[in-house]
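Here the structure comes first, spelled out in structure tokens, and everything after it is commentary.
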Amino acid sequence: MSDLLVTGGQVLRPDMTVERADVLVDQDAGTIEAVGDPGGGDDELDAAGGLVIPGLVNTHTHVAMTLLRGLADDKPLDAWLREDIWPVEAELTPEDIRVGAELGLIEMIKSGTTALSDMYFAVEEIAQAVEQAGVRARLGYTAVTVGKDDEGARADLERSLEVAQEFDGAADGRIRTTFQPHSLTTVGEQFLREFVPQANEAGLATHLHANETPDEVGPIVEEHGVRPLAYAEDLGLLAGETYVAHGVHVDDSEIELLVETDTGVAHCPASNMKLASGMAPVQDMLDAGVTVGIGTDGAASNNDLDMFDEMRDAAMLGKLAAEDASAVDAPTVVEMATANGADLLGFDSGRIEPGANADLAVLNLDVPHLTPAHDLVSHLAYAARGSDVRHTVADGQVLMRDREVTVFDEDRVREAAVDHADALVERAM
Ligand SMILES: N[C@@H](CCSC[C@H]1O[C@@H](n2cnc3c(=O)[nH]cnc32)[C@H](O)[C@@H]1O)C(=O)O
Ligand SMILES: [Zn+2]
């Protein structure tokens, strides 16, 4: 048996209080053994002057899109996807996706993220990168049917079902999966009617983009006479374990539907602001009892994968949307980025307590922008940055020690990413 003692720091507890404590990790089980003054530990992680927090949970991203970072900015969703992103993505090779995923995972580890939910293709490459990274992930193959003939469209959805079955439980259970119709407007109704029941019968969880922009609401209301989430419910999309990305333009009836069907929301504030998609009514959803996590979305619409930025954005945008400075307060965003996110993805993580997964990050507090320390939860939400993370641990393993990533050769991955990104742009232009 091997133990790791995270020692000398303060610890953020599930009730959002902070106390001086050591954390003993059972590295074989990948779980937290004790919090307090347990002693022991074959190995130690120095947390002196630091704060131990649950690893952050990025509930919606396209991790390999790091290769497209900064390639096309300052456009609304539809034009951005059709004119810029999709043509370049059509040139992506499996090797590109592998290196893009590795780069994104390094960025996440370096900013304290230990679990993610991803939507993309070449999932075998992403799964291998996740396996090597040591983090937890909910992966899947995203099906799009617009612009495809019947055969191509059906093949895409078949693939989504297959991938969800094939990779569930991979990497010793660190990888779970979802069935992924891209969105309610990019997958045709006849295909949803055919394949959603199959996903439900197979007991697969589902992840899709929904209600991201007004353009995803108007046409559905026109065609079906109901709001998008009512249409989704009619299709059986909310029947299983489902979470939707964005949920920006949801009305009260749809919030009610989210509660009734226990459907969660992956809120992506930076992407929503950058693409001018709108302001999600996050406080309303939380008040109604919806599980809301936070996601960065892809690096091409953010443009980073730093969940500290995202917590700050979620708090700021949540207040603006509610026109209430007390909305989406600091403890709430920290909980969204940790425990709520873990609940959304179905991982027993996001809380530093005995028995939970040993997924955590240690922040260095001895920096000017975190001084003085009136309220460390406030600092997490409003002042800390990914670069303040000193160590990252997932499943009991140390993925970064003193800012040195142990699971990848960071320089090699960065160089490879530059080469792959350059060649990709060359092919696509
Ligand atoms: N199998 C599909 C690939 C879809 S992957 C998931 C897609 O979501 C796209 N994406 C990234 N961010 C967003 C967003 O905010 N809304 C909707 N789609 C997005 C991303 O560029 C990628 O094309 C095909 O044949 O085209
Ligand atoms: Zn997305």
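Atoms within each ligand, like the ligands themselves, are counted from 1 in listed order. Numbers here simply count residues along the sequence, with the first being 1.
The 12-atom threshold is not exceeded at CG of Asp262, counting heavy atoms of other residues, nucleotides or ligands nearer than 6.0 Å.
Below 4.0 Å from some heavy atom of Trp86 lie the following atoms of ligand 1, by number and element: 23 (O). Less than 4.0 angstrom separates some heavy atom of Val144 from each of these atoms of ligand 1: 2 (C), 4 (C).
In this structure, Gln180 has no heavy atom closer than 4.0 Å to ligand 1. Residue contact annotation: Arg159 has no non-hydrogen atom under 4.0 Å from ligand 1.
The only option from His207, His267, His60 that meets the ring pair (Phe, Tyr, Trp, His ring centres under 6.0 Å) definition with His246 turns out to be His60. Shown are Asp395, Asp172, Asp118; of these, the salt bridge (Lys or Arg N to Asp or Glu O under 4.0 Å) with Arg136 is made only by Asp395.
For atom 16 (N) of ligand 1, the closest heavy atom belonging to the protein is Glu212 OE1, 2.7 Å. Regarding atom 3 (C) of ligand 1, its nearest protein heavy-atom neighbour is Phe121 CD2, 3.4 Å.
Side chain to side chain, Ser117 and Tyr243 meet the donor-acceptor criterion of an N or O pair below 3.5 Å. Inspection of the Ser111 and Asp306 side chains reveals no N or O donor paired with an N or O acceptor under 3.5 Å. At a cut-off of 3.5 Å, with distance as the only test, no side-chain donor of Glu158 or Tyr141 sits close to an acceptor on the other residue. Side-chain atoms of Thr296 and Glu310 include no donor-acceptor pair closer than 3.5 Å.
When only interatomic distances are considered, the shortest N/O to N/O separation between Thr142 and ligand 1 falls below 3.5 Å. Polar contact check, His182 against ligand 1: a nitrogen or oxygen pair lies under 3.5 Å apart. Considering backbone and side-chain atoms together, Tyr120 places no N or O closer than 3.5 Å to any N or O of ligand 1.
Under 4.0 angstrom from ligand 1, the non-hydrogen atoms of Ile85 all belong to its side chain.
Taking all heavy atoms of His209, Lys148, Glu89, Met119 into account, the minimum distance to atom 20 (C) of ligand 1 is reached by Glu89.
Take Thr213 and apply the side-chain contact (heavy atoms from CB on, under 4.5 Å) test, not counting sequence neighbours, and it matches Leu77, Asp215, Glu216, Ser277.
Neighbouring protein atoms of the Zn ion (ligand 2) (N, O or S, distance under 2.8 Å, waters ignored): His60 NE2, His62 NE2, His209 NE2, Asp297 OD1.
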